[in-house]
Amino acid sequence: MKNIAILGLGLIGGSIGLRAKGQGARVIGIPRREETLKKALELGAIDEGSLDISKVSEADLVFICTPINLIIPKLKEMAPHLKKGAIVTDVGSTKGEIVSQAEKLMPKGTHFVGGHPMAGKETVGIEVAEADLFKDKIWILTETSKTRQKVLEEVEEVVRSLGAKVVRMDTRTHDMVVAGISHVPLAAAAMLVNLAADSEEADLMKKCASSGFRDTTRVASGDPVLGLDMFLTNRVAVLKHLKTLRGKLLDLEKLIKAGDGEKIQAELKKAKRFRDSI
Ligand code: NAP
């Protein structure tokens with residue numbers, strides 16, 4: 001993988017560039033704005049760049065790092081320019097819809113592998129990109145009946161060179177897993193914050209909230225557009241886990257009403273055991 005193109009140079013795209021350049025690849029950046037291109041060059045996240053998507057024609061591997069709702073439109077735009085044998089991967093936080101559409105759009109002789117680095121921050125943009133963002137973090141690559149093992153292995157090798165650990169899974173499993181550990185926790189954190197924000201004691205809650213509240217709700221400070229895309233492109237899995245969560249909260253409510261200390265403690269112990277093992 002000598003020539004790597006990155007479409008979308010924000011937190012994730014910029015971090016891939018910073019690390020890939022350190023590994024000896026020629027990194028071509030394709031951002032949306034001239035200003036981002038200038039910043040990426042200044043920060044050393046890319047070797048060269050262009051606002052013109054046809055520049056992907058020079059790449060062996062293309063990372064699509066735009067917001068989720070733009071991944072498929074951008075793939076459509078770049079498809080006619082891809083060289084034979086080119087591999088395209090993405091970093092979108094949901095996979096089912098993206099991968100099934102992407103596989104249909106790929107021109108003959110090119111390949112798509114869905115990806116999702118389990119690394120991020122609440123702040124976005126190339127200014128906060130880091131070469132070490134993916135160090136020792138899981139990077140999920142998805143496998144379908146159309147995936148060629150050789151292609152998957154090549155993407156795996158590049159992802160490992162970025163410092164990440166690869167885990168393979170099918171797209172349905174990916175979407176169920178991340179709904180449970182990322183998308184529904186975001187929903188719960190955001191609604192916890194809104195519980196405080198909408199309460200009569202909102203001002204006092206804000207004044208008194210300390211590390212516990214901050215830790216529990218950290219992800220609610222993330223990019224609202226990213227959150228919206230996660231919920232809407234992973235609806236089935238998010239709704240399934242939200243229903244389960246609602247049931248669990250109702251069960252806890254009943255136990256608290258009944259003053260059933262033994263069962264409440266059992267629930268808290270179970271949660272502590274699992275949380276401590278992560
Ligand atoms: P980001 O920092 O906001 O970066 C998004 C980039 O996409 C920006 O560089 C932006 O360009 C570019 N972009 C926006 N609209 C565009 C358009 N119409 N055409 C071309 N480029 C456009 O966001 P991010 O956190 O890197 O997220 C990018 C992807 O990574 C998302 O798909 C997300 O699901 C995934 N992801 C994010 C995280 C996380 O924690 N943030 C974790 C894992 C995966 P400008 O700079 O020119 O505005």
Side-chain angles (χ1 to χ4, degrees), residues 5-20 27-43 45-46 49-56 62-78 81 88-99 101-102 114-135 137-142 159 162-167 171 174-175 177-179 181-183 185-186 189 218-234 238:
I6 307 171
L7 187 85
L9 288 166
L11 166 67
I12 301 293
S15 299
I16 293 172
L18 285 169
R19 179 68 191 228
V27 182
I28 307 158
I30 310 173
R32 166 176 54 169
R33 295 176 297 141
E34 190 71 48
E35 197 188 323
T36 311
L37 180 56
K38 245 173 83 185
K39 262 188 222 150
L41 285 164
E42 271 166 28
L43 292 169
I46 56 172
S50 169
L51 302 188
D52 182 355
I53 204 163
S54 69
K55 189 86 176 159
V56 293
V62 183
F63 281 95
I64 307 182
C65 304
T66 62
I68 297 174
N69 66 339
L70 289 173
I71 293 173
I72 292 300
K74 288 288 156 195
L75 184 60
K76 273 186 194 159
E77 260 185 73
M78 77 168 71
H81 306 289
V88 179
T89 186
D90 75 312
V91 296
S93 307
T94 62
K95 292 273 69 81
E97 284 187 19
I98 292 172
V99 176
Q101 291 187 55
H116 180 196
M118 301 303 292
K121 291 187 191 181
E122 279 67 67
T123 41
V124 287
I126 190 146
E127 299 81 3
V128 290
E130 281 176 35
D132 279 344
L133 187 71
F134 311 112
K135 192 167 182 280
K137 298 282 168 34
I138 297 290
W139 191 307
I140 299 171
L141 291 177
T142 59
V159 163
L162 300 177
K165 296 177 187 167
V166 175
V167 174
T171 58
H174 168 276
D175 287 353
V177 169
V178 295
I181 59 171
S182 172
H183 305 166
L186 167 63
R218 181 179 62 84
V219 292
S221 281
D223 180 6
V225 177
L226 179 56
L228 168 75
D229 285 351
M230 284 174 181
F231 295 154
L232 294 188
T233 59
N234 197 15
V238 168

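First listed ligand is number 1; within each ligand, the first listed atom is number 1. Owing to the predicted nature of the structure, the values given are computational and were not obtained by experimental measurement.
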Going by the atom numbers of ligand 1, which of them fall below 4.0 Å from some non-hydrogen atom of [X]?
X: Thr36; answer: 45 (P), 46 (O), 47 (O)
X: Lys121; answer: 40 (O)
X: Leu70; answer: 15 (N), 16 (C), 17 (C), 18 (N)
X: Gly92; answer: 32 (O), 34 (O)

Qualifying salt bridge (charged side-chain N to carboxylate O under 4.0 Å, His left out) pairs with a residue from residues 5-20, counting only residues at least two apart or across chains: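 Found Arg19-Asp132.
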Does an N or O anywhere in [X] fall below 3.5 Å from an N or O of ligand 1?
X: His116; value: no
X: Gly120; value: no
X: Ile126; value: no

As an exercise, state the distance from [atom1] of [X] to [atom2] of [Y], rounded to the nearest 0.5 Å.
X: Glu42; Y: Leu37; atom1: CD; atom2: CG; value: 10.0 Å
X: Glu34; Y: Lys39; atom1: CD; atom2: NZ; value: 12.5 Å
X: Ile64; Y: Leu75; atom1: CD1; atom2: CG; value: 4.5 Å

Apply salt bridge (Lys or Arg N to Asp or Glu O under 4.0 Å) to Lys74 and list each qualifying residue two or more places apart in sequence or on a separate chain.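 If we apply the salt bridge (Lys or Arg N to Asp or Glu O under 4.0 Å) test to Lys74, skipping adjacent residues, the hits are Glu77.
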Ligand 1 contacted by [X] (non-hydrogen, < 4.0 Å):
X: Gly222; value: no
X: Lys74; value: yes
X: Pro117; value: yes

Taking atom types as modelled, find out whether Ser50 and Asp52 have a side-chain donor-acceptor pair closer than 3.5 angstrom.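 No, no side-chain donor-acceptor pair sits under 3.5 Å.
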Heavy-atom check, side chain of Ile140 versus side chain of Ile138, under 4.5 Å: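 Contact flag for Ile140/Ile138 side chains = yes.
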Please identify which of these residues, Lys137, Lys121, Lys135, meets the salt bridge (Lys or Arg N to Asp or Glu O under 4.0 Å) condition with Glu130.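 Option passing the salt bridge (Lys or Arg N to Asp or Glu O under 4.0 Å) with Glu130: Lys121.
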Nearest-option assignment for atom 26 (O) of ligand 1, heavy atoms, candidates Ile30, Leu9, Val178, Ile12: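 Nearest heavy atom to atom 26 (O) of ligand 1 lies in Ile12.
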